[in-house]
Undergrad: 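Below is one structure. I have some questions about it.
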Amino acid sequence: MLKYEAIARELREDIQQGKYTPGEQLALEKEMCQQYGVSRITIKRAVDELVKQGLVVKRRGSGTFVKSLKDEDVKELSMANQFSGFAATFKGRKVDSKILRFEIIHPTAEVAAKLQLAVDDFVYDIIRVRLLDDRPVVVEYTQMPIQLIAGLKRQTLEKSIYSYIEKDLGYKIQSAHRTVRAVMPTAEEREQLQIEGVLPLLEVTQVAFLDDGRPFEYSIARHRGDYSNFRSVSIR
């Protein structure tokens, strides 16, 4: 885990445990530099992480303050709680997977950078259609480093990869950095998702992390727009 990530994690835990109250100002950058023995750049990156997570807000000329949100909103926005897999999200409903691709390849330079790999390392290259109550709702394009997620097999892909990671490999999934945008489906996606007429997809691109800060997944999930619902809280 990088130093700024460790500091951000410690500050986040302090906020969640009530050591900082809503509206309370965090220590100044200069003070935190002395406290943690790091540069101002490192502190700035740590605080920026908390801003992204919706836990603090920067006020120009005043400092950084703990955001005043309802407890359930803070929990949802926290990087430690915003992340779950498809099967866990729809627990209690029928969830299936159709495997379109399962291979081992070298990552592109872009994917290697996101997963903190070299381009001559190997990743699983996975394409799945996820079905909810026998209805295809999302196409997932996933890449994971094989040296970290060892022993992944096809039968695991038909169930829950995240369950395998936590229960079989003993890792703890901590967070995911996501971006969402609307896109039009490709011809193959239209076929796999049984789309007729004009229907945009919600594309969710994410890098997912274990609790020790290691990235274990880069994925692009394209959801049917009429079956998808993403909850968020906007913060000024």
Undergrad: Output yes when a side-chain donor or acceptor of Asp125 lies under 3.5 Å from a complementary backbone atom of Gln143, and no otherwise.
TA: no
Undergrad: Within the supplied structure, the quantity of interest is the number of heavy atoms (other residues, nucleotides, ligands) at a distance under 6.0 Å from Lys58 NZ; does it exceed 12?
TA: yes
Undergrad: Quick one: pull up CG in Leu157 and CZ in Arg154 and give me the separation to the nearest 0.5 Å.
TA: 7.5 Å
Undergrad: Look only at the side chain of Tyr164 and the backbone of Ile149, and say whether a donor-acceptor pair between them is shorter than 3.5 Å.
TA: no
Undergrad: Might you point out which heavy atoms bring Val129 and Leu131 nearest each other, and give the distance in Å?
TA: O-CD1, 3.5 Å
Undergrad: Find the distance between CD (Glu166) and OG (Ser160) and round it off to the nearest 0.5 Å.
TA: 8.5 Å
Undergrad: Might you work through the side-chain contact (heavy atoms from CB on, under 4.5 Å) test for Val123 and Tyr218, ending with a clear yes or no?
TA: CA-CA 10 Å; Val123 296; Tyr218 172 74; over 6 Å; no
Undergrad: Would you indicate whether the side-chain heavy atoms of Leu55 and Val66 approach each other to under 4.5 Å?
TA: no
Undergrad: In Å, rounded to the nearest 0.5 Å, how long is the span from CG of Asp96 to CG of Asp133?
TA: 9.0 Å
Undergrad: With sequence neighbours excluded, what pairs up with Ser39 under the side chain to side chain donor-acceptor pair (under 3.5 Å) test?
TA: Thr42
Undergrad: What pairs with Lys153 under side chain to side chain contact (heavy atoms under 4.5 Å, CB included), at least two apart in sequence or on another chain?
TA: Gln155, Thr156
Undergrad: Counting distance only, does the side-chain N/O of Arg181 pair as donor-acceptor with the main-chain N or O of Thr205 below 3.5 Å?
TA: no
Undergrad: In this structure, which one of Leu193, Val138, Val139, Val137 forms a side-chain contact (heavy atoms from CB on, under 4.5 Å) with His223?
TA: Val138
Undergrad: Check Lys159 against Ser97 and note the closest heavy-atom contact, atom names and distance.
TA: O-OG, 4.1 Å
Undergrad: Are the side chain of Glu49 and the backbone of Glu5 linked by a donor-acceptor contact shorter than 3.5 Å?
TA: no
Undergrad: How many angstroms lie between CD1 in Ile126 and CD in Glu103, if you round to the nearest 0.5 Å?
TA: 11.0 Å
Undergrad: Does anything in residues 184-198 pair up under salt bridge (charged side-chain N to carboxylate O under 4.0 Å, His left out), and if so which pairs, sequence neighbours excluded?
TA: Glu189-Arg222
Undergrad: What residue pairs, at least two apart or across chains, pass ring-ring contact (aromatic ring centres under 6.0 Å, His included) with a residue in residues 118-151?
TA: Phe102-Tyr124, His106-Phe122
Undergrad: Report yes or no: does Tyr171 contribute a side-chain atom to a donor-acceptor pair with the main-chain N or O of Leu148 at less than 3.5 Å?
TA: yes
Undergrad: For the hydrophobic clusters of this structure (ILVMFWY residues joined by side-chain heavy atoms under 4.5 Å, transitively), does one cluster hold both Ile146 and Val119?
TA: no
Undergrad: Taking the hydrophobic residues Ile, Leu, Val, Met, Phe, Trp and Tyr, and joining any pair whose side-chain heavy atoms are under 4.5 Å apart, which ones share a cluster with Ile41?
TA: none
Undergrad: Begin with the C-alpha distance, continue with both residues' side-chain angles, and end with the deciding distance and a verdict on salt bridge (Lys or Arg N to Asp or Glu O under 4.0 Å) for Glu140 and Arg130.
TA: CA-CA 8 Å; Glu140 296 177 344; Arg130 310 305 301 275; 3.3 Å; yes
Undergrad: Name all residues meeting the side chain to side chain contact (heavy atoms under 4.5 Å, CB included) criterion together with Gln147; count only those two or more places apart in sequence or in a different chain, and write none if there are none.
TA: Leu117, Asp121, Pro145
